[in-house]
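Structure in structure tokens, see below.
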Protein chains: 2
Amino acid sequence: METTWAHQLREAGLRVTRPRLSVLDVLAARPHADAETIVTGARAQHPTLSPQTVYGVLEALVSVGLARRIEPAGAPALFELRVGDNHHHLVCRSCGAVADVDCAVGAAPCLTPSDAAGFVVDEAEVVFWGSCGACQAKAAAQSVQFEEHEIREGASA
Amino acid sequence: METTWAHQLREAGLRVTRPRLSVLDVLAARPHADAETIVTGARAQHPTLSPQTVYGVLEALVSVGLARRIEPAGAPALFELRVGDNHHHLVCRSCGAVADVDCAVGAAPCLTPSDAAGFVVDEAEVVFWGSCGACQAKAAAQSVQFEEHEIREGASA
DNA sequence: GCTGTTCATTTGACTAGTTCAAAACAACGG
DNA sequence: CCGTTGTTTTGAACTAGTCAAATGAACAGC
């Protein structure tokens, strides 16, 4: 990524503007940011930036392929700069944390459903749901507390 | 599915109520219905049914495992009765149509990301994005129209 | 069959996240 | 430096879904 943001924007046919550069900076620093996080982050460089502008910038970036939008069920949309490498995501059920996973099996793993029912498939999106390291630790600590509580209260198993 | 809805509800520890039976009927008839469709459909049997009630019923059904909630990016949530068989979905980018696909490769195909980054994964969700048969036909018809238009207008390729 | 408890539905207001439209503004080719 | 055209801004609106309090219905026990 040695070519500058400005260069990449121009290559994509977009004008180089301050909101766009700020949003790109935030996305580079936080790989899976939601719109609100991006607004807050980008205001460090551009304090008057409005949410609507960020939505506009993100839509522009996504439409030219500089960014990608991911929408885990039940959470606001997230944006990332890693595009074109067909990777997937791990999502934590309790805290919403997202991590990247490289393609699970071979080159385009799930791109061939067994029966496409007349559909022409152009992308396979995989989301792995589970619990992140931090939330596992938290849950373990909680269950210890519960046990202690049961003992103190005299509740039986 | 020869056991009645009433029976299944009771087995799951839920009371048998008219809204629940109506919602189950609609879901059986339309395998991937959104909340609004379900409200409209269920009103055939229960005209005074409110959206909030349907949300409540759906949450109850999902929580006991009688229904499953799927949320394709950019569309309202859909609900289906087919549960516990780890199947996936084809989603049409233009019209939002959804079709079921049986698990692509073997038993639990994508359930093992190459590097889980400390996550404990409990489910892999796969969405195949593409174009359904109807929308392919529509797009083909459109492109023919455009060609004719270009010829009439004298626009060159 | 009747009664009471508990769960479900109803009603109503409310929120988050996102989109739309019109006007002011800024990038960049000439 | 100027004009065009694409961006940002401002403001409002919209959709899908959630929350809470009050009414009502299901079903276990009698």
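Chain A is the first sequence line, chain B the second, and so forth, proteins listed ahead of strands; every chain is numbered from 1.
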Per atom distances to the A/R15 side chain, the nearest of C/dA8, C/dA26, C/dT10 is C/dA26
Rounded to the nearest Å, what distance is computed from the CD atom of residue B/Q52 to the P atom of nucleotide D/dT18? 11 Å
Of the options D/dT7, C/dT18, D/dG17, whose atoms approach the side-chain atoms of A/L14 most closely? D/dT7
Could you work out which one of C/dT10, C/dG17, D/dT7 sits closest to the side chain of A/E36? C/dG17
Answer yes or no: does a side-chain N or O of B/T53 lie under 4.0 Å from OP1 or OP2 of C/dT10? yes
Rounded to whole Å, how long is the line connecting atom CG of B/L21 with atom P of D/dA25? 15 Å
Under 3.5 Å, is there a donor-acceptor pair linking the side chains of A/D122 and B/W129? no
Here the distance between atom C1' of C/dT9 and atom CG of B/L58, to the nearest Å, is 14 Å
Quick check: does any side chain N or O of B/S22 sit under 3.5 Å from a backbone N or O of B/R18, one acting as donor and the other as acceptor? yes
Any side-chain donor paired with an acceptor under 3.5 Å for B/H32 and B/D100? yes
Give a yes/no answer on whether the side chain of A/R20 brings an N or O atom under 4.0 Å of OP1 or OP2 in D/dT8. yes
Nearest-angstrom distance from the residue atom CD of A/E59 to P of C/dA21: 13 Å
Between the side chain of A/T40 and the main-chain N/O of A/E36, is any donor-acceptor distance below 3.5 Å? yes
Out of D/dT10, C/dT10, C/dT19, which nucleotide sits closest to the side chain of A/S50? D/dT10
Check whether any side-chain N or O of A/T17 sits under 4.0 Å from OP1 or OP2 of C/dA26, and answer yes or no. no
Rounded interatomic separation in angstrom, taking OH from A/Y55 and P from C/dT18: 4 Å
Roughly how many Å is it from CD1 in B/I70 to C1' in D/dA16, rounded to a whole number? 16 Å
Report the residue (B/R10 or B/F79) whose heavy-atom-nearest nucleotide on DNA chain D is the more 5′ of the two. B/F79
